[in-house]
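Below is one structure, written out as structure tokens; comments come after it.
Chain letters run A, B, ... following the sequence lines, proteins first and then strands; every chain starts at 1.
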Amino acid sequence: MTLAPAQVPTTPMPRIAVIDFETTGISPAMGDRATEVAIVMLEGGRVVDRFQSLMNTGVRIPPFITQLTGITNAMIATAPEAETVMAEASRFVGDAPMVAHNAAFDRKFWQAELARAGLAAPQPFACTVLLSRRLYPQAPNHKLGSLVDFHRLPRTGQAHRALADAEMAAALLGQIQHDLRAQFGVPAPTHELLMAVQTCSRHAVPARIRQYLGASSAG
DNA sequence: TGCCAGGCCCTCTTTAGGGCCTT
């Protein structure tokens with residue numbers, strides 16, 4: 001896919017893993033499980049690798065979820081076991097910090113599915129919903145598809161499938177990083193900066209970025 | 001079968017309520 005805009009940062013940027021889950025529902029605590037996971041690996045705002053797999057947890061998919069995602073019980077019946085997929089996903093991500101659209105949701109499933117596989121989930125999560133609320137208050141809403149349209153980013157694949165949604169979230173992250181460079185003079189918007197921006201109030205964003213840049217240059 | 005949870009954010013707020021966002 002093409003990330004817009006294609007501006008080359010002045011300093012090398014570490015990897016960021018953008019993740020999206022499709023699931024049987026919204027709450028792992030209520031018994032919901034992942035049905036598909038996709039991860040887009042970014043380096044310097046560019047896609048350098050992708051991971052995608054359906055996964056079989058043995059939990060049936062409700063009809064309205066199949067209607068939403070197109071993922072059927074027949075599809076996951078022949079998919080690899082969830083523990084196998086999550087182990088591969090964990091190796092793929094490594095120690096890269098992570099980003100998701102409404103990260104609270106994907107973080108819950110990342111942690112729950114890795115825990116079932118006996119694996120740790122130490123990665124910090126930044127959230128493109130929180131970042132968009134702070135940076136784009138003029139957007140009509142902050143759904144992933146609406147923000148993609150708002151920024152005129154490319155749509156690739158079928159919405160509500162993991163890889164297509166991860167690609168769109170990655171494109172949105174690329175837009176956010178571009179705007180942080182263009183509007184706030186951040187030479188290389190790191191995951192640490194994203195976390196700093198998303199945890200301050202909307203009106204405190206410029207001051208928070210100045211504070212971060214000052215601390216970075218002093219350190 | 002089912003519309004479940006939970007953190008965030010705005011306002012008709014702060015001793016609260018309700019909408020957003022994810023599947």
Side-chain angles (χ1 to χ4, degrees), chain A residues 17-40 52-77 79 82 85-86 89 98-116 121 123-151 153 155 157-173 175-176 194-208:
Chain A
V18 182
I19 190 168
D20 186 80
F21 277 107
E22 303 306 316
T23 70
T24 62
I26 55 178
S27 174
M30 299 287 288
D32 293 323
R33 299 292 304 274
T35 57
E36 186 179 41
V37 61
I39 303 159
V40 173
Q52 179 273 329
S53 182
L54 292 165
M55 65 176 81
N56 184 1
T57 64
V59 173
R60 290 193 64 79
I61 303 174
F64 76 96
I65 293 288
T66 292
Q67 193 169 23
L68 176 69
T69 66
I71 298 173
T72 65
N73 286 300
M75 290 165 66
I76 61 170
V85 173
M86 291 308 298
M98 304 184 77
V99 169
H101 196 69
N102 196 20
F105 175 86
D106 292 283
R107 184 178 58 229
K108 278 191 304 187
F109 280 93
W110 177 249
Q111 293 172 340
E113 294 294 348
L114 284 178
R116 286 176 174 273
Q123 298 86 357
F125 271 72
C127 177
T128 49
V129 172
L130 297 182
L131 289 163
S132 291
R133 282 176 178 165
R134 282 152 182 75
L135 297 173
Y136 313 118
Q138 72 277 27
N141 61 62
H142 296 89
K143 295 177 183 177
L144 179 58
S146 299
L147 289 165
V148 165
D149 292 340
F150 178 72
H151 292 295
L153 299 171
R155 283 177 177 266
Q158 177 187 348
H160 296 297
R161 286 299 299 268
L163 184 57
D165 283 3
E167 299 264 17
M168 287 196 291
L172 175 58
L173 175 60
Q175 182 70 48
I176 289 169
L194 300 177
M195 297 293 283
V197 170
Q198 78 175 28
T199 52
C200 70
S201 72
R202 182 205 307 170
H203 300 294
V205 167
R208 185 69 188 89

Discussion item. Work out how far the P atom of B/dG7 is from that of B/dT1, and round it to whole angstrom.
Written reply: 30 Å
Worksheet item: For A/Leu130 and A/Gly145, take the nucleotide of DNA chain B holding the closest heavy atom to each; which residue's nucleotide lies nearer the 5' end?
Response: A/Leu130
Practice prompt. List for me each residue that meets salt bridge (charged side-chain N to carboxylate O under 4.0 Å, His left out) alongside A/Arg33, sequence neighbours excluded, and say none if there are none.
Written response: A/Glu113
Fill in: pair A/Arg202-A/Pro137: side-chain heavy atoms closer than 4.5 Å
yes
Response to the item:
By ring-ring contact (aromatic ring centres under 6.0 Å, His included), A/Phe21 pairs with (sequence neighbours left out) none
Discussion item. Suppose you measure atom C1' in B/dT14 against the same atom in B/dG18; what distance do you get, rounded to whole Å?
Written reply: 15 Å
Practice prompt. Indicate whether OP1 or OP2 belonging to B/dC10 is found under 4.0 Å from a side-chain N or O atom of A/Arg202.
Written response: yes
Practice prompt. Scan A/Thr35 against the nucleic acid and name what it touches under 4.0 Å (heavy atoms): base, sugar-phosphate only, or nothing.
Written response: nothing
Worksheet item: Quick one: are the ring centres of A/Tyr136 and A/His151 less than 6.0 Å apart?
Response: yes
Discussion item. A/Arg133: which residues meet the salt bridge (charged side-chain N to carboxylate O under 4.0 Å, His left out) condition with it, sequence neighbours left out?
Written reply: none
Worksheet entry | B/dC21 versus B/dT15 - spacing of their C1' atoms, nearest Å | 28 Å
Worksheet entry | N or O in side chain of A/His101 less than 4.0 angstrom from B/dC21 OP1/OP2 | no
Item to complete: Determine whether A/Phe125 and A/Val99 make a side-chain contact, defined as any pair of heavy atoms from C-beta on separated by less than 4.5 Å.
Response: no
Worksheet item: Rounding to the closest angstrom, what is the interatomic distance between B/dC8 and B/dT13 at atom P?
Response: 22 Å
Worksheet item: Minimum heavy-atom separation for A/Glu22 to A/Thr69, with atom names?
Response: OE1-CG2, 3.4 Å
Item to complete: Would you mind classifying the nucleic acid contact of A/Asp20 as base, sugar-phosphate or nothing, using non-hydrogen atoms under 4.0 angstrom?
Response: sugar-phosphate
Can you tabulate the close N/O pairs, meaning under 3.5 Å, that link protein atoms to atoms of nucleotides 1-5 of chain B?
none

Discussion item. Go nucleotide by nucleotide along DNA chain B from the 5' end; which of A/Asn102 and A/Gln198 gets its closest nucleotide reached first?
Written reply: A/Gln198
Fill in: salt bridge (charged side-chain N to carboxylate O under 4.0 Å, His left out) pairs, two or more places apart, involving residues 139-149 of chain A
A/Asp149-A/Arg155
Discussion item. In whole Å, measure the gap between the C1' atoms of B/dT22 and B/dC3 for me.
Written reply: 13 Å
Worksheet item: Given Watson-Crick or G-U pairs with both distances under 3.5 Å, what dot-bracket string fits DNA chain B, with | for other-strand pairs and [ ] for crossing?
Response: ....(((((((....))))))).
Worksheet item: Which whole number of Å gives the distance between the P atom of B/dC20 and that of B/dC4?
Response: 15 Å
